[in-house]
2 protein chains.
Amino acid sequence: MIKVLIAEDQAMIRGALAALLAIEDDIEVVAQVDRGDGVVEAAVKANPDVALLDIEMPGQDGITAAAELRKRLPSCRVLILTVFGRPGYLRRAVDAGISGFLLKDAPPDQLAAAIRRTARGERVVDSQLALAALSEGSSPLTPRERDVLAMSTRGASVEEIARSLRLTNGTVRNHLSIAIQKLNARNRTEAARIAEEKGWL
Amino acid sequence: MIKVLIAEDQAMIRGALAALLAIEDDIEVVAQVDRGDGVVEAAVKANPDVALLDIEMPGQDGITAAAELRKRLPSCRVLILTVFGRPGYLRRAVDAGISGFLLKDAPPDQLAAAIRRTARGERVVDSQLALAALSEGSSPLTPRERDVLAMSTRGASVEEIARSLRLTNGTVRNHLSIAIQKLNARNRTEAARIAEEKGWL
DNA sequence: CTCTGGGCATGACCGATGTCACGCCCGTCG
DNA sequence: CGACGGGCGTGACATCGGTCATGCCCAGAG
């Protein structure tokens, strides 16, 4: 019997996934969590073989949760299940020591299959996505450029960003300008969009 | 036996929802669709009692699909199931003649309950969301302002918008300026974000 | 130790943006 | 009919935003 933990913020989806897994005779859902920062605690209690984690969750994102989980409970393998096929996500997830990366676009029967393979110690990654991650490469942005760009996504002005990061007006504009060039964008808005799409935010 | 059609673009979620409904003795999933513009066709063939529609789908959004479905197959009631609790969505959905509006945040057991109530002809709407929709009011933007703002979401410049809509540079800036004021934003980026969050896009 | 690259900053330049004051045309509503 | 509001336009103005040249400081690589 494979013991599974499910972490997913949308209750309906969480329940539906549990129902999907309940069909399988060799899989048992032993814990359900609705936020990223509750994953480790629940896992320590329930001691699952596989943790099925969403990426975008309140409290803590699934990738960070995965990294912590690997440290605290190395016996538990991690399978990421997410909507977003962003190359940057895959890369970070692999760095965090995950065993598998599955998209919510994939056929439903692949979920049980992926869990079984993960439990056996195999690695499960969508080949399309893996290729994309390799071809995209990792983020060209320096940490500071990333910070500045991230703040501009919500429509913050240069001054607001500068104040918030304790920088000068000019420095912020320089960082933004460089980020815009690196991403082949026409302005900060487009640059932010591109970075977000690739998972570099 | 209540016959249900499921329209949801993410295969895994679609399958999981089907599994969730398969547990219920009085509910039968008679059709599954993965895009908005396939809903009517599938519904005419399968003649379901309730159509469970996601909003964000390729081809056509669920609200538009709902409106068409009401015309072509009035016997089929529509239940919207979506992640986004945007007041504007609810308002438009109600205008499209839907019978229920459910969030993916809701507890899983509410899905079957909502389907039964919808089939019986009752209206099912999250009360929190209904309140929000009432208090938000409808979009303050004129159609033209909406168009212009929508184009700026992806980082288009004034000239690009103007060319695309066959308007003058100045007119576009006027529309944007007014939209920014109406939404209490500091710039177009923030205005676009606000409008999107409220479902006014 | 020197070279290199990231982070930070200044100052200048020009084009893009946001605001304002007008005016014109048209459909609708009282 | 006359007032009103939406869509469209112009011109002007002040600020913001994107780019460039240049320099300083510091840590890590060679």
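As the structure is a computational prediction, the values presented were derived from the model and not from experiment. Naming convention: chains lettered A, B, ... in sequence-line order (proteins, then strands); numbering from 1 in each chain.
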Problem - B/Val50 vs B/Ser99 side-chain heavy atoms within contact, under 4.5 Å - result: no
Practice task
Provide, to the nearest angstrom, the distance between the CG atom belonging to B/Asp147 and the P atom belonging to D/dG6.
Solution key: 15 Å
Exercise for the section: Look at B/Glu8 together with B/Lys104 and state whether they make a salt bridge at an N to O cut-off of under 4.0 Å. Expected result: yes
Fill in the blank from the handout: d(B/Phe101 CZ, B/Ile55 CD1) to nearest 0.5 Å is 4.0 Å
Handout entry: 4.5 Å side-chain heavy-atom contact, A/Glu159 and A/Asn169
Key = yes
Exercise for the section: Would you mind building the protein contact string for nucleotides 7-26 of chain C? One character per nucleotide, 5' to 3', B for base within reach (heavy atoms under 4.0 Å), S for sugar-phosphate only, - for untouched. Expected result: SSBB------BBBB------
Exercise for the section: Considering only NZ, NE, NH1 and NH2 on the basic side and carboxylate oxygens on the acidic side, decide whether B/Asp147 and B/Arg144 come within less than 4.0 Å. Expected result: yes
